[in-house]
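First the structure, in the form of structure tokens, and then the observations on it.
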Amino acid sequence: MDNKPTYIPGLVSIITPMYNAGAFIAQAIESVLSQTYTNWEMIIADDCSTDNGFAIASSYASENPKIKVVKTDSNTGCPAGARNRSLAEASGQYIAFLDADDIWGKNKLEKQVAALKDPEVALVYSYYSKFTDHINESRLITAPAFTTYSSMLYGSVIGCLTAIYDASKVGVKQFEKSHHEDYILWLTILKDRYKAICIPEVLAYYRVGESSVSSNKLQSAKWYWDILRGHERISFPRACVYFASYMFKSVIKYLK
């Protein structure tokens, strides 16, 4: 699904993968219901959960036609599979991402859709905060004012829960079933030479879990290297430069 299909102008399709998120999915949905931008649809794809998440999400869907809950045919074992299941149902001009355990600020969509009116901008992201139990006890994650394909080769600066892109400009992009699949998606979008810009405000809140996919830093570094060499076909000398910068920034971030 990498073409430019029929879409509904102005509609935001919110892509939400879910697996055993029964304890959190209501908070995620409530943060969407509170958006000041109201032209949205939320598509929750349950990856064959074994908890009550599907029932909770379905109860919201029964009361609000803008929320749709679907299931994968079998457990895919990765967010990409469930996200692609949601994307198959999406009909919006704009595609945004909210995992089932994360939360949005109420004016996220309003500010980002306004920024996407710029014909040169295809992707918008923002600052976000990481939290464990309470969003009032969180750590700020900032991002540069803009990014390009070339600068993104030094490492991703876009939190998936903050991102929204304009499918009328770049088409609907499915996720590859790979590690750091969101990073691969941003690189793919930016190859079309559109701009990606940042709203310098906290518009989303990322819940840190003990089993977070990105929690193993050494494994993440390996995945990053594989993207440079395998997916982007970067030459070995250039990839070493990017990788050295990536590791340096990772150490600095750890020491802060």
Side-chain angles (χ1 to χ4, degrees), residues 1-2 4-5 7-17 28-29 31-45 66-68 79-80 82-84 86-129 141-149 152 156-175 181-206:
M1 188 188 302
D2 192 11
K4 296 190 178 182
Y7 59 85
I8 299 175
L11 179 67
V12 177
S13 293
I14 302 165
I15 306 303
T16 301
I29 294 172
S31 76
V32 172
L33 292 172
S34 67
Q35 290 297 300
T36 55
Y37 186 89
T38 58
N39 189 12
W40 53 262
E41 62 176 0
M42 184 178 193
I43 307 165
I44 302 169
K66 294 164 68 173
I67 300 172
K68 183 175 185 179
R83 287 186 183 131
N84 287 341
S86 287
L87 282 165
E89 306 288 335
S91 55
Q93 175 183 355
Y94 305 113
I95 308 293
F97 306 96
L98 176 65
D99 283 358
D101 55 352
D102 295 333
I103 302 170
W104 279 351
K106 66 180 181 180
N107 58 358
K108 178 187 185 291
L109 293 182
E110 180 181 5
K111 293 196 171 190
Q112 292 189 313
V113 168
L116 283 167
K117 299 299 183 183
D118 185 328
E120 296 184 354
V121 174
L123 176 62
V124 176
Y125 53 101
S126 75
Y127 295 178
Y128 65 100
S129 289
I141 306 297
T142 61
F146 67 93
T147 190
T148 63
Y149 174 78
M152 281 281 283
S156 181
V157 296
I158 301 174
C160 188
L161 75 165
T162 76
I164 180 171
Y165 72 85
D166 189 339
S168 71
K169 296 171 182 172
V170 300
V172 176
K173 307 285 189 182
Q174 282 203 331
F175 286 88
E181 70 282 353
D182 54 335
Y183 178 38
I184 294 173
L185 177 60
W186 316 145
L187 290 171
T188 301
I189 290 174
L190 291 174
K191 279 181 181 177
D192 287 333
R193 303 195 182 281
Y194 282 98
K195 292 180 181 178
I197 63 172
C198 178
I199 304 293
E201 301 176 35
V202 173
L203 298 181
Y205 300 87
Y206 175 86

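All values below were derived from every heavy atom in this structure, side-chain atoms included, with hydrogens, water molecules and symmetry-related copies excluded.
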Shortest non-hydrogen separation from [X] to [Y] and the atoms involved:
X	Y	value
Ile158	Leu123	CD1-CD2, 3.7 Å
Tyr94	Gly10	CE1-CA, 3.8 Å
Glu110	Thr36	OE1-OG1, 2.6 Å
Trp186	Met152	CB-CE, 3.5 Å
Pro200	Cys198	CD-O, 3.4 Å

With the side chain counted from C-beta on, respond yes when [X] and [Y] share a heavy-atom pair under 4.5 Å apart, and no when they do not.
X	Y	value
Leu87	Ile15	yes
Trp104	Leu98	yes
Tyr7	Ser91	no
Phe175	Leu185	yes
Ile141	Tyr127	no
Ile164	Ile95	no
Glu201	Ser126	no
Tyr165	Val121	no

Report yes or no: does [X] contribute a side-chain atom to a donor-acceptor pair with the main-chain N or O of [Y] at less than 3.5 Å?
X	Y	answer
Ser13	Ala90	no
Lys169	Leu116	yes
Gln112	Asn107	no
Tyr128	Cys160	no
Trp40	Leu109	no
Thr162	Tyr125	no

Charged N to carboxylate O below 4.0 Å: is that the case for Asp166 and Lys117? no

Salt-bridge contact Lys68-Glu41 (side-chain N to carboxylate O under 4.0 Å): no

Crowded around Lys191 NZ? As in, over 12 foreign heavy atoms under 6.0 Å? yes

Identified side chain to side chain contact (heavy atoms under 4.5 Å, CB included) partner of Ile67 from the options Thr16, Leu33, Val32, Ile43: Leu33

Once side-chain hydrogen bond (donor to acceptor under 3.5 Å, both in side chains) is applied, do any residues pair with Ser34, and if so which ones, sequence neighbours excluded? none

For the atom pair CG (Asn39) and CD (Gln93), what is the distance rounded to the nearest 0.5 Å? 9.5 Å

Residues at least two apart in sequence or cross-chain that pass salt bridge (Lys or Arg N to Asp or Glu O under 4.0 Å) with Lys195, listed by chain then number, are Glu120

